[in-house]
Protein chains: 2
Amino acid sequence: MIFESTRSLSASLEDYLQAIFWTVAAKGAARAKDIARQLGVKASSVTGALQTLAEKKFVHYQPYEAITLTAEGFDEAARVAQRHFIVREFFVRVLGLDEAVADKEACRMEHCVGDDVAERLATLMEFVKAHPEMQSGVSQLLAERDHSDGMPASVRRGPVTVADLRSGQKAVIVAVRSGAALARRLVDMGLGRGALVEVEGVAPTGDPIRVKIRGYQLALRRTEAAAISVVGK
Amino acid sequence: MIFESTRSLSASLEDYLQAIFWTVAAKGAARAKDIARQLGVKASSVTGALQTLAEKKFVHYQPYEAITLTAEGFDEAARVAQRHFIVREFFVRVLGLDEAVADKEACRMEHCVGDDVAERLATLMEFVKAHPEMQSGVSQLLAERDHSDGMPASVRRGPVTVADLRSGQKAVIVAVRSGAALARRLVDMGLGRGALVEVEGVAPTGDPIRVKIRGYQLALRRTEAAAISVVGK
DNA sequence: TGACGAAGTTAGGCACGCCTAATAATATTA
DNA sequence: TAATATTATTAGGCGTGCCTAACTTCGTCA
Ligand SMILES: [Mn+2]
Ligand SMILES: [Mn+2]
Ligand SMILES: [Mn+2]
Ligand SMILES: [Mn+2]
């Protein structure tokens, strides 16, 4: 699988484990029915998942009996729940996302954030808690953006241009601002949609910017570079 | 699938599309061999993916011929690459992650971040760019943490306790700090590992904290609450 | 006690995404 | 041009994770 996870459980099994975790916490034990309802799957899928989790020693499972977690199951579930919590809090408190949306997104992300990222997110949140101006600053920027609705996200966000790239970075051109002879000149040189640009160097003043494209090297004025929207690598 | 994605392509196909995107940008067209090498899969897997992508009109594909992207394929690939870039830049510039690690993590996350999150991350980065003191502040906090290596991550991060919860939040107890008669008293009351706590209310002064557990309600002193480590929901 | 309904399991099927092995097409070289 | 090497495709298999349909087990209540 290309989407390698390094973790002991698949995204799906992590969700089963979490459902069990919260149900057991609330009621002492979980029944297949509870899990099926929470996750929106059929009972037979739950049976299958329980058999796999039991094989991996994460749950105590005997057919027809109530389900509880093993010690390892509890720890693993707590780790996933912790990631869910951290990511959701980050979305809500730093990115200003709506609670419900944040929770849904977090339930997707919890399966792919690494431990290092989770830890740093938690640290960032501590920092933000101590520096509320950061949170309000971001909210304000976001609010300004929201005035220009109707525009595509890429425009609201402000496109990245060749002028924003650091030395050594590669990018693909997605658009060249038309107007002036510039666009034509660039396209004639091979600087069209889909072409790969590599920034070779930027003068100390930031102008000109030396780029390599299709084997050729050329120097772009900063204003020219800023007219070329790219997706960075 | 529980891990619902709402996007038109699976994580796997998004990676194939991106491999094609960068190869085409660099060389004008892609061959199955290039893609197989980049993604670390066998050639036959590439053929399968190409057939699927061709069905979905994302690539121009004729057996044995070089591969290029359709207009939709280019747009879709650019969107994924954009998410990869944003997430990686966030990891590097805000979270201070190592470039190589950040890139790997980003290649996993690019398939699960929603558009709203990506947009807000980009905005946050703009804010941080405009306020470099924020960035160094986070780095500093992270550096302090790194001094206390050897400790488990949960300790470095500082555990969340009942005292950190807001009114209405639920959590599962993972540990009760031992010492004093407190631990025993709490455990006797049912406040042990695995139990669900719900914060009912916090006095204006922050003390006491009213919690509900196993149907019972009780009031905890702030110092008591701070001795109970939890995983929040 | 026995019948009934709810809950849980098993069997079989399907889509996805990878693999290996065999085969086919294309490129390279003698 | 013919032999050979490289590249690509097909066929068939496997694991995961979901489904439906049929069946079994369990608890309840007459
Ligand atoms: Mn989840
Ligand atoms: Mn979750
Ligand atoms: Mn990826
Ligand atoms: Mn990627």
Side-chain angles (χ1 to χ4, degrees), chain A residues 1-20 23-24 27-68 76 80 107-108 110-112, chain B residues 1-20 23-24 27-56 58-68 80 107-108 110-112:
Chain A
M1 198 189 301
I2 284 178
F3 184 70
E4 64 218 57
S5 147
T6 75
R7 256 191 279 279
S8 57
L9 292 177
S10 66
S12 184
L13 290 180
E14 283 189 348
D15 274 342
Y16 281 101
L17 202 62
Q18 264 192 102
I20 297 167
T23 306
V24 170
K27 313 205 299 190
R31 307 272 3 185
K33 190 77 189 302
D34 306 320
I35 302 166
R37 191 179 23 74
Q38 278 182 67
L39 297 181
V41 297
K42 297 297 168 178
S44 56
S45 304
V46 176
T47 301
L50 288 174
Q51 288 168 346
T52 308
L53 288 172
E55 249 169 53
K56 294 179 189 284
K57 314 266 189 198
F58 284 124
V59 297
H60 294 297
Y61 169 67
Q62 291 291 100
Y64 298 105
E65 293 188 3
I67 298 127
T68 52
E76 186 62 33
V80 180
C107 208
R108 201 148 22 84
E110 70 196 356
H111 312 289
C112 48
Chain B
M1 198 190 301
I2 283 176
F3 184 70
E4 65 219 55
S5 147
T6 76
R7 257 193 278 281
S8 57
L9 292 177
S10 66
S12 184
L13 289 180
E14 282 189 348
D15 274 341
Y16 281 102
L17 203 61
Q18 265 193 102
I20 298 166
T23 306
V24 170
K27 312 205 300 189
R31 308 269 6 183
K33 192 73 190 304
D34 306 320
I35 301 165
R37 189 178 25 74
Q38 278 181 68
L39 297 181
V41 296
K42 297 297 169 180
S44 57
S45 304
V46 176
T47 302
L50 288 174
Q51 288 167 346
T52 308
L53 288 173
E55 249 170 51
K56 295 178 186 287
F58 284 125
V59 297
H60 294 297
Y61 169 67
Q62 291 292 101
Y64 298 104
E65 292 186 6
I67 298 126
T68 52
V80 180
C107 207
R108 202 147 25 84
E110 70 197 358
H111 312 290
C112 47

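In what follows, chains carry the letters A, B, and so on, assigned in the order in which the sequence lines appear, proteins first and then strands, with residues in each chain numbered from 1.
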Colleague: What closest approach, in Å, do A:C107 and A:E110 show between heavy atoms, and which atom pair accounts for it?
Modeller: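 Scanning both residues completely, I find the closest heavy atoms to be O-OE2, 3.0 Å.
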Colleague: Do A:E14 and A:R7 sit within salt-bridge range, that is, some charged N less than 4.0 Å from a carboxylate O?
Modeller: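 Salt bridge present between A:E14 and A:R7.
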Colleague: Please state how far atom CD1 in B:I67 lies from atom P in C:dT26, giving the value in whole angstrom units.
Modeller: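 Value for this atom pair: 14 Å.
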Colleague: Just one of B:I20, B:L50, B:T52, B:T68 clears the side-chain contact (heavy atoms from CB on, under 4.5 Å) bar with B:Y61, so which one?
Modeller: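 Of the listed residues B:I20, B:L50, B:T52, B:T68, the side-chain contact (heavy atoms from CB on, under 4.5 Å) partner of B:Y61 is B:L50.
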Colleague: Please state how far atom OH in A:Y16 lies from atom P in D:dG17, giving the value in whole angstrom units.
Modeller: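 Computing the A:Y16:OH to D:dG17:P distance gives 9 Å.
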Colleague: Need one value for A:S10: base, sugar-phosphate or nothing, where a base atom within 4.0 Å counts as base even if backbone is also close, heavy atoms only.
Modeller: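 Sugar-phosphate contact only - A:S10 comes under 4.0 Å of backbone atoms but never of a base.
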Colleague: Whole angstrom is fine here: how far is it from CG in B:D34 over to P in D:dT7?
Modeller: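 Rounding to the nearest Å, CG of B:D34 and P of D:dT7 are 10 Å apart.
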Colleague: Whole-Å distance between D:dG17 P and A:E55 CD?
Modeller: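 Rounding to the nearest Å, CD of A:E55 and P of D:dG17 are 12 Å apart.
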Colleague: In whole angstroms, how far is the P atom of D:dC26 from the CZ atom of A:R31?
Modeller: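 After rounding, the gap between these two atoms is 10 Å.
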Colleague: Shortest non-hydrogen contact from A:A29 to A:A66?
Modeller: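 Scanning both residues completely, I find the closest heavy atoms to be CB-CB, 3.8 Å.
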Colleague: If I take atom CD from residue A:Q18 and atom OG1 from residue A:T23, how far apart are they, to the nearest 0.5 angstrom?
Modeller: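 Nearest 0.5 Å value for the CD-OG1 distance: 11.0 Å.
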Colleague: Give the rounded distance in Å between these two atoms: CG of A:L9 and P of D:dT16.
Modeller: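 In whole Å, D:dT16 P and A:L9 CG are 12 Å from each other.
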Colleague: In whole angstrom, give the distance that lies between atom CZ of B:R37 and atom P of D:dT6.
Modeller: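 Value for this atom pair: 16 Å.
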Colleague: Rounded to the Å, how far apart are A:D15 CG and D:dT16 C1'?
Modeller: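 Checked: the CG to C1' distance equals 15 Å.
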Colleague: Please report the shortest heavy-atom distance between A:V24 and A:A30, naming the atom on each side.
Modeller: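 Minimum heavy-atom contact is CG2-N, 4.0 Å.
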Colleague: Hey, could you give me the CD/CG distance between B:Q38 and B:D15, rounded to the nearest 0.5 Å?
Modeller: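 The distance works out to 10.5 Å.
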Colleague: Taking only side-chain N and O atoms of A:K33, does any of them lie within less than 4.0 angstrom of OP1 or OP2 on C:dA7?
Modeller: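 True: A:K33 side-chain N/O within range (under 4.0 Å) of C:dA7 OP1/OP2.
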Colleague: For nucleotides 9-11 of chain D, give me every protein contact, N/O to N/O, under 3.5 Å, one pair per line with atom names.
Modeller:
residue : atom : partner : partner atom : Å
D:dT9   : OP1  : B:Y61   : OH           : 2.3
D:dT9   : OP1  : B:Y64   : N            : 3.3
D:dT9   : OP2  : B:T47   : OG1          : 2.7
D:dT9   : O4'  : B:Y64   : OH           : 3.4
D:dT10  : OP2  : B:Q51   : NE2          : 2.6

Colleague: Among D:dG17, D:dT20, C:dC18, which nucleotide has an atom closest to any side-chain atom of A:S12?
Modeller: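 Looking only at side-chain atoms, A:S12 lies closest to D:dG17.
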